[in-house]
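Worksheet: the structure to be examined is printed underneath.
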Amino acid sequence: MIYIKPSFYDDFKCIASKCTDNCCIGWEIDVDEKAIDKYNSVQGEFGDEIRRKIITSPDGSRCFGLDENDRCPFLNDKNLCRIIINCGEDALCHICKNHPRFYEWFPGVTECGLGLSCEEVSRILLSDTNRLIFTETNDGEKINLDSKEDTVISDNYIFISGLREVFYDILFDDGKSYYEKLEKIILRAQNFCGEELPLKSNKELIESYKRTEPIDDNWTCYIDDLLLNFESYAKKREEFKEKFKNDKLYPKILAYIFYRHLSKSAFDGGVMERICFCLEGVKFIELCDMKTYCRKNKLTLEDRIENLKNWSKQVEYSEENTDYLIYE
Ligand code: SF4
């Protein structure tokens, strides 16, 4: 089995109490059966508390019931996890242990990554403008393409990862502006797909994001403002484009979005739909940055990390929203 991961994958460390956001707030955390077995053997008052706070959600899955402030009940006032403090890191359930890591499994290949909904991951990605590097390791396990379906997926995967490499080469070509790179990618994609990409206009794009399921009320206010004031933000569009035409972070963001989403077309053949989703994703992030720029007359790295993280939380961490934006 081959494992592919971005070069920064192994260096990631949760910044815990220093995180301004915290993934233990606002999300219901599913508790897997293995963890439940472990928690059943925790003795004393703390063991009783864990068992009491595992609830069954309407879909039948078991999770930690959030407190009245939408926080995980095991997050202390310093935003540290009491399960780790009391029982050690090994006691964490699968999601807590793995977040923000993600995996995608193809026949013979596992792609690994770190999700941008974590502000530390967004910070790491945007901390330099270097080309994304991916490392490959092989554990020697023999690959068996037993079924016809596996063979088709494997062939598709090889084909699509080749296309992704072409996109990376364009995105990290220092001789071109960001907008020239986008045009080149669109041309390449159109050649590949044999038809024009049905990309949305900026306004249509915001409207389609408005139709996604909001993660919270802040998102609803944010997108409403973006729509309501779109014309006034759009007046600064040319100034913004001029200022960021040689930006190296948007190409890097797009490359990372391609990494996470494009190869999934190996399963369903939706290459064109996913290319549009990725291009529109970075365009949406750029529109959010433009909104910040219009409001503050500047755009800091911290602003960009915040906008990128919020996009990821709203889109990448809701399968329903991702599917809606790909296939609507
Ligand atoms: S969002 Fe990232 S840095 Fe913040 S608590 Fe979660 S894993 Fe740690």
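Atoms within each ligand, like the ligands themselves, are counted from 1 in listed order. Throughout, numbering of the chain's residues begins at 1 and tracks the sequence. FYI, side chains are in, hydrogens and waters are out, and symmetry mates aren't considered; it's all heavy atoms of this structure.
Arg62 has no carboxylate O lying under 4.0 Å from a charged side-chain N of Asp32, or vice versa, which leaves the two without a salt bridge.
Of the possible polar contacts, one joining the Lys252 side chain to the Asp128 backbone as a donor-acceptor pair under 3.5 Å is found.
Taking a cut-off of 2.8 Å, the protein N, O or S atoms nearer than that to atom 2 (Fe) of ligand 1 are Cys118 SG.
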Donor-acceptor pairs are to be reported for all side-chain atoms of residues 316-323 against protein atoms at under 3.5 Å, with residues two or more places apart or in another chain.
from, atom 1, to, atom 2, distance (Å)
Glu316, OE1, Ser312, OG, 2.7
Glu316, OE2, His261, NE2, 2.7
Tyr317, OH, Arg260, NH1, 3.2
Ser318, OG, Asn321, N, 3.0
Ser318, OG, Asn321, ND2, 3.4
Asn321, OD1, Glu213, N, 2.9
Asn321, ND2, Glu213, O, 2.9
Asn321, ND2, Gln314, O, 2.9
Thr322, OG1, Val315, O, 2.5
Thr322, OG1, Ser318, O, 3.0

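Ring orientation note: the planes of Tyr293 and Phe240 are nearly perpendicular, at an angle over 60° on the 30°/60° scale.
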(message) Go through it in stages, so that I can follow the logic: the residues are Arg82 and Glu49, the test is salt bridge (Lys or Arg N to Asp or Glu O under 4.0 Å), and I'd like the CA-CA distance, side-chain angles, deciding distance and then a yes or no.
(response) CA-CA 11 Å; Arg82 289 192 294 125; Glu49 186 188 350; 2.6 Å; yes
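Surrounding NZ of Lys243 are at most 12 heavy atoms belonging to other residues, nucleotides or ligands under 6.0 Å away.
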